[in-house]
Chemist: 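Sharing a structure here in structure tokens format.
Only a predicted model underlies this, so the values are computations on that prediction, with no experimental measurement involved. Counting convention: from 1, in listed order, for ligands and their atoms alike.
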Amino acid sequence: MSFTTFDQATPRLQRSELAVPGSSPQLFEKAAKSQADVVFLDLEDAVAPDQKALARKNIIGAINDIDWGKKTLTVRINGLDTHYMYRDVIDVIEQASDRLDMIMIPKVGTAEDVYAVDMLVSQCEQAMGRKKRIGFSLIIETALGMANIDAIAKASKRNEALHFGVADYAASTRARTTNIGGPNPSYAVLTDQDGDAPRQLHWGDMWHYALARMVVAARAHGLRPIDGPFGDFSDAEGYRAAARRAAVLGCEGKWAIHPSQVALANEIMSPPEAEVAKAKRILEAMEQARKDGKGAVSLDGRLIDIASIRQAEALVAKADQIAAG
Ligand code: GLV
Ligand code: MG
């Protein structure tokens, strides 16, 4: 290990992150009763400008009055380039109860963006005598944010999670695509000509770099990487595939922009039982190896060593966290 270490963020289950527009209070109760690990009440892009003030009132009322059970409760504020942002922070922190867990900051571009919100949140918290520290979820969804991702990840002790906001990221990088979070047939390679054999088009994942980059920045700084939206909510298999490739890279959760996606996210972001069972066997085998004074042994015909312990421990710890709810 390096001599430089970062604290791990406050542990939370964040497999599914259900987005609920603040301007649609009729959806709040249903969201509270859903199986989502995290609900984010939105003041930003799902809310029209003339609805912002009403959405704030709705959200404050919902935080104070609805029974959210064990869910993590987040409010997505507006971006720092708008005049809504300061009032979002001030009204929510001054008027909402301690039930609020996190604030989600969209379109973070620089570490200073996080610093500015941190300062405002800190002042409001202090003035109100709030005891529970509000955490930050940061959406990386612009080219600038991606370019500054490491500095952003370590910009505040409140930081808990980085999210990949694929829709805005596509807009910011001028990616030639209009779907949200799905694959693109134009991002593909064509196999070489080989006589008369038919050539094949292999689709790639156009978001691979961005997602992998975010996972590295998040993990390097003790934060949870969370994959963003998948727009086609009628395509459950497409969602599963998108979530699975994010989970394989190290993401802990994925957004649900429709209630039907919550169960899919929970399913894919929970380690499969067979993998957990295998991880437990690895730990047992390595414990035996330790007793025998060996650093590496073979299990089912494959080499396992001390690095395998860390992988297995992470998997078992995640399964335990899920079991604890
Ligand atoms: C989320 O905010 C996105 O832009 O994908
Ligand atoms: Mg966005």
Chemist: Any cation-pi pair here, Arg76 with Phe40, using under 6.0 Å and within 45°?
Modeler: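 No; the conditions do not both hold, so Arg76 does not lie above the ring face of Phe40.
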
Chemist: What distance separates Ile282 CD1 from Gln311 CD, expressed to the nearest 0.5 Å?
Modeler: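 Ile282 atom CD1 to Gln311 atom CD measures 7.5 Å (nearest 0.5 Å).
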
Chemist: Provide the atom name of the closest N, O or S atom of Asp168 relative to the Mg ion (ligand 2).
Modeler: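 Closest N, O or S atom of Asp168 to the Mg ion (ligand 2): OD2.
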
Chemist: Just one of Thr142, Asp81, Asp168 clears the side-chain hydrogen bond (donor to acceptor under 3.5 Å, both in side chains) bar with Lys107, so which one?
Modeler: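 For Lys107, the side-chain hydrogen bond (donor to acceptor under 3.5 Å, both in side chains) test succeeds with only one of Thr142, Asp81, Asp168, which is Asp168.
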
Chemist: When you pair each N or O of ligand 1 with protein N or O atoms, which pairs come out under 3.5 Å?
Modeler:
| residue | atom | partner | partner atom | Å |
| --- | --- | --- | --- | --- |
| ligand 1 | 2 (O) | Arg76 | NH1 | 3.0 |
| ligand 1 | 2 (O) | Glu141 | OE1 | 3.0 |
| ligand 1 | 4 (O) | Glu141 | OE1 | 2.9 |
| ligand 1 | 4 (O) | Asp168 | N | 2.8 |
| ligand 1 | 4 (O) | Asp168 | OD2 | 2.9 |
| ligand 1 | 5 (O) | Val166 | N | 3.1 |
| ligand 1 | 5 (O) | Ala167 | N | 2.8 |

Chemist: Look at Asp227 together with Arg245 and state whether they make a salt bridge at an N to O cut-off of under 4.0 Å.
Modeler: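 Yes, this pair counts.
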
Chemist: Without hydrogens or angle criteria, can the side chains of Gln321 and Lys318 be said to hold a donor-acceptor pair below 3.5 Å?
Modeler: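 Lys318 and Gln321 do have a side-chain donor-acceptor pair below 3.5 Å.
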
Chemist: Check the orientation of His258 and Phe233. Use parallel for under 30°, tilted for 30 to 60°, and perpendicular for over 60°.
Modeler: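 If you compare the ring of His258 with that of Phe233, the planes turn out parallel.
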
Chemist: Determine which pairs satisfy ring-ring contact (aromatic ring centres under 6.0 Å, His included) with at least one residue from residues 164-209, sequence neighbours left out, and list them in order.
Modeler: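 Checked against ring-ring contact (aromatic ring centres under 6.0 Å, His included) - neighbours excluded - the pairs reaching residues 164-209 are Phe164-Tyr169.
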
Chemist: Have a look at Glu141 and say which of its N, O or S atoms is nearest the Mg ion (ligand 2).
Modeler: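 So the atom name we want here is OE1.
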
